[in-house]
Amino acid sequence: MSIRLGMHADNWRGQSGNFNDAVVSAVKYDLKYLEAGTVYGYYFVSSLGYDPSLSILDNPYPIKRLLDKNGLKLSMLDASFPIF
């Protein structure tokens, strides 16, 4: 078994980056896995493109297509609350 590196998209919060910025960086550094932070509802800063969190209310297919197009897999959803 080998170690496979990934990263959390939340690393781009400090740079006012969005989820797409995290995807671009993961590709740049040849990572294969990306973890996404989630929010329930809509965080207004995300809507402006300054936060990498994803809303669990959004359609997941565009995110899946973005990850597939860039050769990435979603390793985990980071939820600070029950999502059921």
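- Residues passing the side-chain contact (heavy atoms from CB on, under 4.5 Å) test with Leu74, sequence neighbours excluded: Ala36, Leu67, Leu77.
- Here the straight-line distance linking atom OG1 of Thr38 with atom CE of Met76 works out to 11.0 Å at 0.5 Å rounding.
- Partners of Asp68 by side-chain contact (heavy atoms from CB on, under 4.5 Å), not counting sequence neighbours, listed by chain and number: Lys64.
- Remark: the backbone N or O of Leu72 is not paired with any side-chain donor or acceptor of Asn70 at under 3.5 angstrom.
- Residues Asn18 and Pro52 are not in side-chain contact: their nearest non-hydrogen atoms beyond the backbone lie 4.5 Å or more apart.
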May I have the list of side-chain donor-acceptor pairs in residues 22-34 shorter than 3.5 Å, sequence neighbours left out?
{"residue": "Asp30", "atom": "OD1", "partner": "Lys32", "partner atom": "NZ", "Å": "3.2"}

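- Ser53 contributes no side-chain N or O that, together with a main-chain N or O of Val39, makes up a donor-acceptor pair within less than 3.5 Å.
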